[in-house]
2 protein chains.
Amino acid sequence: MSRRPTIVDVARAAGVSKSTVSNVLQNSPLVKPATRKLVEQAMGDLGYVYNRSAANLRGGDIGLIGLVINDLRNPFFTEFAASAQMTFAERGYATVIANTDEKPEIQAQVIASMIEHGVSGFLISPDYVPEEEGLETIRRAGIPAMQVLRRIDPRTDVFPFASLDYATGGRLAAEHLLGLGLRRIAFVGGLANRPVTEERMSGYRAAMAEAGLDTAAFHGRPSRAFGRDMALALRARHPEIEGAICFSDLVALGMLAGFAEAGTRVGTDFRLVGFDDIEECALTWPRLSSVRCDVARFGRESAEAMLAWLEEGRQPPPMRRAPVELVARHSSLGVPG
Amino acid sequence: MSRRPTIVDVARAAGVSKSTVSNVLQNSPLVKPATRKLVEQAMGDLGYVYNRSAANLRGGDIGLIGLVINDLRNPFFTEFAASAQMTFAERGYATVIANTDEKPEIQAQVIASMIEHGVSGFLISPDYVPEEEGLETIRRAGIPAMQVLRRIDPRTDVFPFASLDYATGGRLAAEHLLGLGLRRIAFVGGLANRPVTEERMSGYRAAMAEAGLDTAAFHGRPSRAFGRDMALALRARHPEIEGAICFSDLVALGMLAGFAEAGTRVGTDFRLVGFDDIEECALTWPRLSSVRCDVARFGRESAEAMLAWLEEGRQPPPMRRAPVELVARHSSLGVPG
DNA sequence: CTGAAAGCGCTTACAG
DNA sequence: CTGAAAGCGCTTACAG
């Protein structure tokens, strides 16, 4: 494979100087249309490829964004990552993406690697590791970074935080079930003492307290497997519980499967509300009620906020909460007819 | 934000030349341990960050892999992408990832962008667009590239192809249902005439022909929604069909929901086999039988093949088919007890 | 409007 | 074992 042509080769072929070729590349209005044509022709003939590393070296922006995700296999985060990446691509940015699998060592390593690669900005859905140094490496490198969905670093003036209004979501779900006449409502799934779990539970706790009712929480990994196991456990050991708000749809979908196995009719014998409203909720039987977070929109908006910061210097507000809404379906209302 | 320190700053602080700093960076055995110590100390003090763009310019490899995926939201491809990315990360490579959403224009654009960013290799699960120029842009740039899961470019000597043994998978599924005594078995989902659909169907067709039976295919998007609709349609209009092999688990999961809605007991009234064996299959009720593709392993192996090519010059074979196996569960065997 | 020159941060022979 | 020098492909003032 012979070496790739450079702007010098293009310049020679077009009979101009390499500065002129560079000006064409920059879309400089200085270049005469005829000259531009000539240069573009030469580029096509030679199969010229722009070398961003070289351009970057001289000063500019490399047009690369770092996207760090704690769990890329979880459809909630997949949707977020895919939406953000597509938004960046539309605006001419490439995205380096890494799945940290909730492991702080991997997170630290990929952040270091992305800094070396010269990313212009970071969008990070971090793991939870309060004891580590947070995003200090990024601050030292002076790279704009937003923390989304989870706040790992308290310095939101440096690392703006954006998430969804989980507290309101928990309240909406609880008020919905209370409005249907339920009294014994549990919260299922989510690891105890994690901020997101606390947020999602807080609205539930508040609504239950206002109704003068006790709460009950069954914590665990936000997975289908945990949901399935909990559905079976609730039937066996807590038959008094009439309904549940789940930490996430994955838990709720697991519970749906568990109740099917136990022969419990969801929506009638037991009322269930998920959290996130992933696509699958509208496709199960019975359909799953959920708190809609519209993470696709959230991913797009987060990417746009990042781009506004990079391109126009508009730093996002320290704290943003995107609105959520309740979508009631069969699993809480019952199957009609 | 003051400018980042360079090797010259480190050299000055450590009292050595910048060549020596570079040698430390390269882990050259030439450097005396004491000198190395001195340099590393200075790096730490200054918060030095290696600039890969500059290094790349001089010749070397930038340590960046381009991962191009046709549908990042589909859990099958998410799993593939996540496994490949994690494997690359373990070996010190960063991954630029892009979701093309099955759109050829986006695919062409992201490939061009990745070439500009200097990726060392490509792993591509492409869209299907026979009429375009395939991967010619990449060939011209002289970058090693593997096509996985779908073959868009016929030049497998240039772009090695790796996929799963779908034909055998289809045969195993058909033979399984035939062995249970079924005669009227349909194939559901998958767009007609797509290579993957043809491959997955071919084994089914062969097994049915050997048994002297007719085939029936109901093509459509490989989505939950299509599966749900087809389950309802089959019950209403094709009650003679006793079982189905689905193009993918998403279709099968949709059918599971549709049958639940229709009151059909899967595993007894109707027997169902999915394809891919995503995690969810073992967590539904009834549990879904499926053709296990182990895409996590396939992702890892594909990444390793790419790395062997890049690092040791071992080009992968033109064509590779990873083995698959049938996992029989409730949806075809019935729920025990 | 176009060209000659310096320089971005690194690596790579080559002297010493 | 360490240092001085050239050069990777581009951009950016600055002359012309």
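Everything quoted here is computed from the prediction, not taken from an experiment. The sequence lines fix the lettering, A, B, ..., with proteins before strands; numbering per chain opens at 1.
Judged as a salt bridge (charged side-chain N to carboxylate O under 4.0 Å, His left out), the pairs with a partner in residues 62-78 of chain B (not counting sequence neighbours) are, in order, A/Glu79-B/Arg73, B/Arg73-B/Asp101.
The distance between atom CG of B/Leu57 and atom P of D/dT11, rounded to the nearest whole Å, is 12 Å. Here C/dC1 presents its C1' atom at 16 Å from CD of A/Gln26, a figure rounded to the nearest Å. Here the P atom of nucleotide D/dC8 and the CZ atom of A/Arg4 are 16 Å apart, to the nearest Å. Atoms CG (A/Asn51) and P (C/dC8) sit 18 Å apart, rounded to a whole Å. Atom-to-atom, CG of A/Asn23 to C1' of D/dG9 comes out at 15 Å; the value is rounded to the nearest Å. Taking atom NZ on B/Lys18 and atom C1' on D/dC8, their separation rounds to 12 Å, with Å as the unit. A straight line from OH of B/Tyr48 to C1' of C/dG9 spans 7 Å, rounded to a whole angstrom. Straight-line distance from the CG atom of A/Leu30 to the P atom of D/dT12: 12 Å, rounded to whole Å.
Salt-bridge check for A/Glu304 with A/Arg297: failed, with every basic side-chain N at 4.0 Å or more from each acidic carboxylate O. A/Glu40 and A/Lys37 are not joined by a salt bridge, as no carboxylate oxygen comes within less than 4.0 angstrom of a charged side-chain nitrogen. Using a 4.0 Å cut-off between charged nitrogen and carboxylate oxygen, A/Arg314 and A/Glu312 count as a salt-bridge pair. Of the charged side-chain nitrogens involved, none lies within less than 4.0 Å of a carboxylate oxygen, so that A/Glu199 and A/Arg150 do not count as a salt-bridged pair.
Counting non-hydrogen atoms under 4.0 angstrom, B/Val16 reaches the backbone sugars and phosphates but no base. Residue B/Thr6 is in sugar-phosphate contact alone, with no base atom involved, counting any heavy-atom pair closer than 4.0 Å across all strands shown. Residue A/Ser53 is out of contact with every strand shown, counting any heavy-atom pair closer than 4.0 Å.
Of the candidates C/dG3, C/dT12, D/dC1, D/dC1 carries the atom nearest the B/Thr35 side chain, counting heavy atoms from C-beta on.
Mapping A/Ser17 and B/Val8 onto DNA chain C by nearest heavy atom places A/Ser17 closer to the 5' end of the strand. The residue among B/Tyr50 and A/Gly15 whose nearest nucleotide of DNA chain C is located toward the 5' end is A/Gly15.
Base pairing annotation: D/dA4 forms no Watson-Crick or G-U wobble pair, as no partner gives both donor-acceptor distances under 3.5 Å.
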